[in-house]
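In what follows, chains are A, B, ... by sequence order, proteins preceding strands, each numbered from 1. The structure displayed is predicted, hence computed values, not measured ones.
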2 protein chains.
Amino acid sequence: MTIDDKVQVFKALAHPVRLRLVEKLAKGEQCVCVCLEMFDIDISTLSRHLSVLKNAGIVADEKRGKNVYYRLTCPCILQVCDCLEKVAGKRKKPGIPV
Amino acid sequence: MTIDDKVQVFKALAHPVRLRLVEKLAKGEQCVCVCLEMFDIDISTLSRHLSVLKNAGIVADEKRGKNVYYRLTCPCILQVCDCLEKVAGKRKKPGIPV
DNA sequence: TGCAAGTTTAGCAAAATAACCAAATGTGTC
DNA sequence: GACACATTTGGTTATTTTGCTAAACTTGCA
């Protein structure tokens, strides 16, 4: 496991749409069509985001009938977010992008 | 705490130089000049990476004499990396950048 | 004060990422 | 097989990130 492998996971999580997807999937698997309702983006854009998460190993997909269902591969990803709550609270300029 | 705040933390960690810096600082604070020896990059580039980590709230700096020392603000960031070991292990194509 | 070492900031060009539209692919139903 | 629905892939453009050089600070010491 190289540094670059880990970096890919962080990169995958470093986007608001993808992070919200992960938080959504933490509550249970969802098909692409349901995820789409969460955002005001093109379905092709959503599909790309999901594939980034998949390539990073964060989610897995399964086709059932016409739909594709995504789920988290590793529930521990939630712990990461909990930790981040603490870290992000220490930002010098909360709310202002770095 | 917004999604964007969390995203900034992930973005900060989503770079090989910055991630290696975090892993280094996890063992204890270091001055910039020591960190510089870890990489083959310009010191101005290193300084920028450190400021990204600082703005994200991941590290804090302190000037003592001529040197500036950086340290992690939150040791829990290590748990994040441990979790990632598991997640990254599930990547479809291990070792190949997404 | 004046100089040297250590670090940060500014500005620019190259590379990576993101979003859209359009086209292609895969799956179930008739 | 043909059609409709769901999703992915290709291509293009706009935006963001990265890393360099050069310049600007900051601190300690002669």
Side-chain angles (χ1 to χ4, degrees), chain A residues 3-22 24-25 29-56 58-71 92-93 96-98, chain B residues 3-22 24-25 29-71 91-93 96-98:
Chain A
I3 279 278
D4 286 330
D5 288 322
K6 293 184 195 173
V7 165
Q8 286 306 321
V9 178
F10 280 120
K11 272 190 186 178
L13 295 169
H15 188 285
V17 166
R18 294 196 293 263
L19 192 52
R20 285 180 60 194
L21 282 170
V22 167
K24 173 74 167 181
L25 296 178
E29 70 167 20
Q30 287 295 340
C31 73
V32 176
C33 54
V34 168
C35 292
L36 184 60
E37 297 169 4
M38 300 170 60
F39 310 98
D40 184 27
I41 59 176
D42 194 89
I43 188 172
S44 67
T45 300
L46 173 62
S47 180
R48 247 190 236 292
H49 283 307
L50 285 167
S51 77
V52 170
L53 289 172
K54 188 166 87 170
N55 286 334
I58 297 168
V59 304
D61 63 340
E62 183 186 354
K63 187 156 195 171
R64 294 205 296 273
K66 282 195 226 175
N67 301 304
V68 177
Y69 292 82
Y70 281 83
R71 63 181 166 76
K92 297 194 76 178
K93 302 170 184 175
I96 299 170
V98 175
Chain B
I3 278 277
D4 287 329
D5 288 323
K6 294 184 193 172
V7 165
Q8 286 305 322
V9 178
F10 281 119
K11 272 191 186 177
L13 294 169
H15 189 284
V17 167
R18 295 196 292 263
L19 191 52
R20 284 179 62 195
L21 282 169
V22 167
K24 174 74 167 179
L25 295 178
E29 69 166 21
Q30 287 295 341
C31 72
V32 176
C33 54
V34 168
C35 291
L36 184 61
E37 296 170 3
M38 300 170 59
F39 310 98
D40 184 27
I41 60 176
D42 194 89
I43 188 171
S44 68
T45 300
L46 173 61
S47 181
R48 234 213 238 297
H49 283 307
L50 285 167
S51 78
V52 170
L53 289 172
K54 188 165 84 170
N55 286 333
I58 297 167
V59 305
D61 63 340
E62 184 186 353
K63 188 156 196 171
R64 293 205 296 274
K66 282 196 227 177
N67 302 303
V68 177
Y69 292 83
Y70 281 83
R71 62 181 166 76
R91 292 183 61 200
K92 298 194 77 178
K93 302 170 183 175
I96 299 171
V98 176

Interatomic distance where [atom1] belongs to [X] and [atom2] belongs to [N] [whole Å]:
X	N	atom1	atom2	answer
A/E62	D/dA6	CD	P	18 Å
A/Q8	C/dA16	CD	P	12 Å
B/D61	C/dT7	CG	P	11 Å
B/D4	C/dA18	CG	P	14 Å
A/I43	D/dT9	CD1	P	13 Å
B/D40	D/dT18	CG	P	18 Å
A/R64	D/dT7	CZ	P	12 Å
B/I41	C/dT7	CD1	C1'	13 Å

Contact summary for A/C31 and A/N67, nearest pair of heavy atoms: CB-CB, 4.1 Å

Closest contact, heavy atoms only, A/L53 versus A/A12: CD2-O, 3.8 Å

If you check every side-chain atom of [X], which of [options] has the closest atom?
X	options	answer
B/S44	D/dT21, C/dC20, C/dT7	D/dT21
A/K66	C/dA5, C/dT27, C/dT8	C/dT27
B/K63	C/dT8, D/dT26, D/dT7	D/dT26

Contact class for [X] (heavy atom, under 4.0 Å): base, sugar-phosphate, or nothing?
X	answer
B/D42	base
A/Y69	nothing
B/Y70	sugar-phosphate

A/L13 and B/L13: CA distance, side-chain angles, deciding distance, side-chain contact (heavy atoms from CB on, under 4.5 Å) verdict: CA-CA 10 Å; A/L13 295 169; B/L13 294 169; over 6 Å; no

side-chain contact (heavy atoms from CB on, under 4.5 Å) partner of A/I58, the single match among A/V52, A/L50, A/L25, A/V22: A/V22

DNA chain D: 5'-proximal contact among A/C33 and B/A14 (nearest heavy atom): A/C33

With respect to the phosphate group of [N], does any side-chain polar atom (N or O) of [X] fall under 4.0 Å of OP1 or OP2?
X	N	result
A/H49	C/dA19	yes
A/R18	C/dA18	yes
B/S47	C/dT8	yes
B/H15	C/dA16	no
A/N67	D/dC5	no

side-chain contact (heavy atoms from CB on, under 4.5 Å) evaluation trace for B/D5 with B/V9: CA-CA 7 Å; B/D5 288 323; B/V9 178; over 6 Å; no

B/V32 vs B/S47, side-chain contact (heavy atoms from CB on, under 4.5 Å): CA-CA, chis, key distance, verdict: CA-CA 8 Å; B/V32 176; B/S47 181; 5.8 Å; no

B/R48 vs B/V34, nearer the 5' end of DNA chain C by closest nucleotide: B/V34

Whichever of A/K11 and A/T45 has its nearest DNA chain C nucleotide further upstream toward 5': A/K11

